[in-house]
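Chain letters run A, B, ... following the sequence lines, proteins first and then strands; every chain starts at 1.
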Amino acid sequence: MLLSRLDVIRGILVEGLCAAVKDQPAVDQELDLPEQMKIRREKRARLLDEGKQPYPVGFERSATIAEIRARYGELPTDTASGEQAAVAGRVIFIRNTGKLAFATLRAGDGTELQAMLSLDKVGAEALEDWKRLVDLGDHVGVRGEVITSRRGELSILADAWQMTAKALRPLPVAHKPMGEEARVRQRYVDLVVRPQARETVRTRATVVRSLRNSLHDLDYLEVETPMLQLLHGGAAARPFVTHSNALDTDLYLRIAPELFLKRCVVGGIERVFEINRNFRNEGIDSSHSPEFAMLEAYQAYADYNDMADLTRQLVQDAAVALTGTHVVRYADGSEFDLGGQWRRVTLYGVLSEALGSDVTVETPHARLVELAAKHDVSVDPKWGPGKLAEELFEALVVPGLVAPTFVFDYPEETSPLTRAHRVTPRLTEKWDLYVQGFELGTAYSELVDPVVQRERLVAQSLLAAKGDPDAMQLDEDYLRAMEYGMPPMGGMGMGIDRLLMALTGLGIRETILFPLVRPE
RNA sequence: GGGCUGCUAGCUCAAUGGCAGAGCUGCGGACUUUUAAUCCGUAGGUUCAGGGUUCGAGUCCCUGGCGGCCCA
């Protein structure tokens with residue numbers, strides 16, 4: 001009874017306190033922290049009490065760990081180099097003995113160097129401070145002589161050390177993999193702990209740089225076009241909607257840069273590309289992210305055959321940038337050969353093979369429905385024959401397309417921005433590139449006739465009016481641009497995240513540094 | 001959208017419906033050549049949340065939350 005009354009009083013006090021300190025948190029929450037976090041906070045406080053900085057403004061380094069390793073990699077076992085150095089890194093591994101302490105420091109580039117603190121070199125006080133105040137995960141700076149230990153480990157034998165940033169949270173156990181969710185939600189920790197995570201960041205940068213270099217070498221100009229758009233178009237996808245207060249109008253996050261890049265070509269930028277983010281308000285799973293990086297490139301006086309050559313070269317150049325050859329290696333150790341010419345098939349050709357029955361763009365809707373039923377592919381009655389053929393293709397053929405394969409010539413019905421096929425009516429000059437069973441890229445001989453384009457877009461906008469959220473809106477300004485004369489051109493698009501997947505075998509959530517996750 | 005499955009200590013994971021545990025991490029101690037150091041001692045829990053069944057629930061049932069896998 002008494003207890004509960006005390007609890008009530010305490011509750012009132014706590015409530016009052018909370019209200020009072022709402023704007024200055026942290027301090028009063030310490031009671032609830034796990035032991036290890038409390039201890040680290042205490043060490044931070046102890047540093048301050050002793051007049052030392054837990055977060056000094058800097059640390060004068062004489063060399064990076066990588067430089068020390070490069071210079072003294074060959075230093076024989078148990079040797080003093082004579083060189084004094086000052087290095088900094090994160091403590092990732094610590095071994096303290098009575099009068100000699102070891103720690104492994106890791107720099108941001110992943111290079112590591114052992115620090116040694118011996119009683120006779122660094123002194124009793126500094127050694128005691130080290131053992132008392134340094135935890136796994138802390139950033140420290142160490143000054144001393146570059147030596148090798150008796151076991152041959154390149155080390156810095158400290159004359160002095162200094163905390164450069166005290167870590168208040170313990171690192172996860174380095175030798176057990178973090179759960180996938182923790183890796184994605186706290187990528188910064190993943191990067192600290194897992195070399196592969198850091199490697200993936202570098203790999204991605206290498207690939208993107210390679211794409212830019214290849215395109216620059218081919219005289220393509222890089223541009224940046226709007227992310228915020230008044231109308232949504234350039235692809236069939238559901239957009240995110242946002243709002244401009246200044247214009248008091250809704251805006252769309254772009255689903256594709258296509259229509260703006262083509263405006264560039266109208267204006268005379270005959271080879272143009274953009275590498276940037278697109279946003280699609282659709283499913284989120286291991287192969288789909290709502291925001292994804294995309295390369296699109298357009299070239300005047302090229303067609304979809306030229307774009308196939310370009311795409312293959314871009315991918316092969318990226319492979320060379322990574323491995324020096326056209327063969328890439330996946331994390332599971334398997335190799336994947338992207339070299340040589342790539343298989344080129346037609347949509348209706350491979351579909352006919354898979355169905356065991358000839359189909360063309362002229363095959364009636366009812367016949368396709370019949371074939372779908374025969375092959376256990378469920379269909380939506382709203383789909384036209386073109387869409388139906390594509391769905392059958394995706395279900396029956398795509399999973400088997402492991403080696404890079406260009407699939408040519410799609411039905412007009414599903415490709416409103418594509419030029420009509422030069423030979424076969426009702427087909428368009430479009431290919432999709434498949435690798436490892438997923439779509440890596442696409443290209444068209446672009447539709448440049450403004451009259452035909454208007455008909456197609458009007459049809460799309462009618463679909464949109466009927467409630468198809470994927471359908472494009474009628475973009476009058478784009479049509480106006482076309483009416484000034486759009487040269488014949490080829491255009492291609494390739495997902496950067498997908499390209500990384502193809503080159504590394506990783507899941508999309510590993511190729512994206514900070515993928516969107518549900519709020520915790 | 002459907003099916004399956006997971007959520008337990010800072011991290012990775014155990015625990016027939018019957019005392020909630022291990023390894024690493026942490027803390028205290030020993031150790032001047034360690035490499036996931038070793039040795040001795042020790043602490044650490046709202047078992048995702050809420051409800052139900054039961055003498056008794058981490059475990060069984062229901063609802064919800066957050067993941068993962070498979071399918072559409």
Side-chain angles (χ1 to χ4, degrees), chain A residues 30-44 46 75-80 91-106 112-124 126-128 130-138 144-145 147-158 166-186 188-190 192-195 282-288 372-373 375-381 383 391-392 394-396 398-399 437 507-510 515-520:
Chain A
E30 296 219 351
L31 285 176
D32 293 332
L33 289 175
E35 186 196 16
Q36 294 189 43
M37 287 173 62
K38 266 192 263 188
I39 286 161
R40 284 162 182 259
R41 275 168 173 71
E42 284 162 16
K43 290 179 179 177
R44 171 186 176 276
R46 216 180 301 161
L75 198 63
T77 295
D78 202 11
T79 308
V91 176
I92 54 151
F93 181 39
I94 209 163
R95 306 165 293 278
N96 288 338
T97 69
K99 301 188 180 67
L100 179 63
F102 301 89
T104 305
L105 307 186
R106 180 150 69 205
E112 296 174 3
L113 184 67
Q114 177 167 271
M116 294 170 65
L117 292 91
S118 76
L119 178 64
D120 50 11
K121 262 282 189 274
V122 80
L127 182 62
E128 273 318 298
W130 172 272
K131 289 200 269 189
R132 216 158 40 95
L133 297 171
V134 176
D135 291 305
L136 282 177
D138 292 351
E145 185 180 2
I147 64 160
T148 48
S149 72
R150 278 180 210 165
R151 295 288 174 89
E153 184 79 26
L154 187 63
S155 308
I156 181 158
L157 180 61
K166 178 74 197 162
L168 297 185
R169 289 176 183 269
L171 287 177
V173 177
H175 314 287
K176 286 280 167 58
M178 277 197 292
E180 175 171 333
E181 189 182 355
R183 289 214 307 263
V184 169
R185 282 190 191 273
Q186 292 180 261
Y188 38 90
V189 179
D190 188 31
V192 170
V193 168
R194 196 169 56 96
E282 295 172 346
I284 303 175
D285 61 35
S286 56
S287 65
H288 294 81
H375 288 83
D376 278 335
V377 179
S378 58
V379 300
D380 186 324
W383 292 343
E391 291 287 338
L392 282 168
E394 273 179 37
L396 301 175
V398 167
I508 196 165
R509 284 153 75 90
E510 299 296 325
L516 184 71
V517 286
R518 278 178 204 281
E520 286 180 76

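When the side chain to side chain contact (heavy atoms under 4.5 Å, CB included) test is applied to A/E391, the partners found at least two apart in sequence or on another chain are A/W383, A/K387. Listed by chain and residue number, nothing satisfies the side chain to side chain donor-acceptor pair (under 3.5 Å) test with A/R44 (two or more places apart in sequence, or in another chain). Looking at residues two or more places apart in sequence or on another chain, you find a side chain to side chain contact (heavy atoms under 4.5 Å, CB included) between A/P170 and A/Q36, A/M37, A/R40. Listed by chain and residue number, nothing satisfies the side chain to side chain donor-acceptor pair (under 3.5 Å) test with A/E145 (two or more places apart in sequence, or in another chain).
B/C66: Watson-Crick or G-U partner is B/G6, with both key distances under 3.5 Å. The base-pairing partner of B/G17, taking Watson-Crick or G-U wobble contacts with both distances under 3.5 Å, does not exist among the strands shown. With a 3.5 Å ceiling on both atom-pair distances, the Watson-Crick or G-U wobble partner of B/C60 is B/G52. Summarising the base pairing, B/U38 is matched to B/A30 through a Watson-Crick or G-U wobble pair whose two defining distances lie under 3.5 Å.
B/C24 sits 25 Å from B/C19 when the P atoms are compared, rounded to a whole Å. For B/A72 and B/G10, the C1' atoms lie 41 Å apart once the distance is rounded to whole Å. B/U59 and B/U5 have their C1' atoms separated by 16 Å, with the value rounded to a whole Å. Nucleotides B/A49 and B/U8 have their P atoms positioned 10 Å apart, rounded to a whole Å.
Screening A/N96, A/L100, A/L117 against A/L127 for a side-chain contact (heavy atoms from CB on, under 4.5 Å) leaves a single residue, A/L117. Under the side-chain contact (heavy atoms from CB on, under 4.5 Å) rule, A/T104 has a single partner from A/I92, A/I94, A/L113, which is A/I92.
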Output one line per pair: protein atom, nucleotide atom from nucleotides 4-14 of chain B, and distance, for all N/O pairs under 3.5 Å.
residue	atom	partner	partner atom	Å
B/G10	N9	A/Q36	NE2	3.4
B/U12	OP1	A/G179	N	2.9

Pick out the pairs of N or O atoms, protein on one side and nucleotides 30-33 of chain B on the other, that lie under 3.5 Å.
residue	atom	partner	partner atom	Å
B/C31	N4	A/N96	O	3.4
B/U32	OP1	A/K99	NZ	3.2
B/U32	OP2	A/K99	N	3.2
B/U32	O4	A/D120	N	3.4
B/U33	O2	A/R150	N	2.9

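Salt bridge absent: A/D120 and A/K99 never bring a charged side-chain N and a carboxylate O closer than 4.0 Å.
Shown here is A/R169, whose CZ atom has no more than 12 heavy atoms of other residues, nucleotides or ligands within 6.0 Å.
Per the geometry, NZ belonging to A/K38 stands 17 Å off C1' belonging to B/U25, to the nearest Å.
Along RNA chain B, the nucleotide nearest A/I94 and the nucleotide nearest A/L136 are compared for position; the residue whose nucleotide lies closer to the 5' end is A/L136.
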